[in-house]
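Have a look at the structure below, then the notes.
Below, each value reflects all heavy atoms present in this structure, side chains not excepted, and no hydrogens, waters or symmetry copies. Residue indices begin at 1 and follow the sequence shown.
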Amino acid sequence: MARVFVYGTLKKGQPNYKHMINTAKGLAKFQGRGRTVEKYPLVIAGKYNIPYMLNIPGTGHHIAGEIYSVDEQMLQFLDEFECCPDMYQRTLMRIQVVEWEGKGGTGEARAAADGVLECFVYSTATYPPEWVGLPYYDSYDSSGKHGLSYVLRESR
């Protein structure tokens, strides 16, 4: 099992969460909520209003998201879904646990130094330079005040 941190459309209540609970694509077990230890820019970009975490450590905000434990099948699905490595790149990032629901209670999270875990995150280092000038968010919600609703793939 691998740990994955999701911050966009794959979170609970968001347009693509259905993939996280579709066992035909593999297993994903919700472990808890977290945020990036380092700051990153989270932008909503392109004509489909897709959330992107730009891989520019030290700029932006501590990004809030969810931590999942996933099997190899789900990890492969997520790589394909996230168009990895072309659109997003899967990299290890340090995630501060905010709320832990995973097996073993808070003990497992506390086992990591200061409640910090290494998780795979889909961020991008391949983006148009003008994206750096877009508004930065610390949390993503497709129906947020920004008014930039995500366009599902099947609607494109």
Per-pair distances, 0.1 Å, donor-acceptor, side chain in residues 52-62, under 3.5 Å, sequence neighbours excluded:
unit_1 : atom_1 : unit_2 : atom_2 : d
His62  : ND1    : Thr36  : O      : 3.1
His62  : ND1    : Val37  : O      : 3.0

- Heavy-atom pair of closest approach, residues Met20 and Leu78: SD-CD2, 4.0 Å
- By side chain to side chain donor-acceptor pair (under 3.5 Å) - contacts of Arg156 (at least two apart): Tyr150
- Message: Test of understanding: with side-chain contact (heavy atoms from CB on, under 4.5 Å), list the residues that count as partners of Pro129, not counting sequence neighbours.
- Response: none
- Can you see which heavy atom on Val6 is nearest to which on Lys11, and at what distance? O-CG, 3.7 Å
- Which atom of Gly46 lies closest to which atom of Trp131, heavy atoms considered: N-CZ2, 4.4 Å
- Hey, are the side chains of Ile50 and Thr9 touching, using non-hydrogen atoms and a 4.5 Å cut-off? no
- Message: Tell me whether the rings of His146 and Tyr137 are parallel (<30°), tilted (30 to 60°) or perpendicular (>60°).
- Response: perpendicular
- Message: Set out, in order, the CA-CA distance, both residues' side-chain angles and the distance that settles side chain to side chain contact (heavy atoms under 4.5 Å, CB included) for Val121 and Tyr40, then state yes or no.
- Response: CA-CA 12 Å; Val121 180; Tyr40 291 93; over 6 Å; no
- Task: Decide yes or no for Ser123 and Thr91: does some side-chain heavy atom of the first lie under 4.5 Å from some side-chain heavy atom of the second?
- Result: yes
- Query: salt bridge (Lys or Arg N to Asp or Glu O under 4.0 Å): which pairs involve residues 76-92, sequence neighbours left out?
  - Reply: Asp79-Arg90
- Please determine if Arg35 forms a cation-pi arrangement with Phe5, meaning its NZ or CZ atom is less than 6.0 Å from the six-membered ring centre and no more than 45° off the ring axis. no
- In terms of hydrophobic clustering (I, L, V, M, F, W, Y; side-chain heavy atoms under 4.5 Å; direct or indirect links), are Met93 and Val98 co-clustered? no
- Item | Sidechain-backbone polar pair: Gln31 side chain, Trp100 backbone, donor-acceptor under 3.5 Å | no
- Message: Restricting to non-hydrogen atoms, name the atom on Gly8 and the atom on Pro51 that form the minimum distance, rounded to 0.1 Å.
- Response: CA-CG, 4.0 Å
- How about Cys84 and Tyr122: do any of their side-chain heavy atoms sit closer than 4.5 Å? yes
- Item | Contact summary for Tyr88 and Thr124, nearest pair of heavy atoms | CA-CB, 4.4 Å
- Query: If you measure from CD on Glu101 to NZ on Lys29, what distance do you get to the nearest 0.5 Å?
  - Reply: 8.5 Å
- Query: Looking at residues at least two apart in the chain, or sitting in another chain, which of them share a ring-ring contact (aromatic ring centres under 6.0 Å, His included) with Phe120?
  - Reply: none
- Mind running side chain to side chain contact (heavy atoms under 4.5 Å, CB included) on Tyr127 and Val43 for me, showing each step along the way? CA-CA 11 Å; Tyr127 51 86; Val43 301; over 6 Å; no
Between side-chain atoms of residues 65-72 and protein atoms elsewhere (two or more places apart, or another chain), which donor-acceptor pairs fall under 3.5 Å?
unit_1 : atom_1 : unit_2 : atom_2 : d
Glu66  : OE1    : Lys12  : N      : 3.0
Glu66  : OE1    : Tyr68  : OH     : 2.7
Glu66  : OE2    : Lys12  : N      : 3.3
Asp71  : OD1    : Leu27  : N      : 3.0
Asp71  : OD1    : Gln73  : N      : 3.4
Asp71  : OD1    : Met74  : N      : 2.8
Asp71  : OD2    : Leu27  : N      : 3.2

- Results of side-chain contact (heavy atoms from CB on, under 4.5 Å) for Ser143 - residues two or more places apart only: Asp141
- Residues at least two apart in sequence or cross-chain that pass side-chain contact (heavy atoms from CB on, under 4.5 Å) with Glu154, listed by chain then number, are Lys18, Leu152
- Same cluster for Ile95 and Met1 if Ile/Leu/Val/Met/Phe/Trp/Tyr side chains link at under 4.5 Å? no
- Item | Pairs meeting criterion side chain to side chain donor-acceptor pair (under 3.5 Å) with involvement of residues 42-51, two or more places apart | none
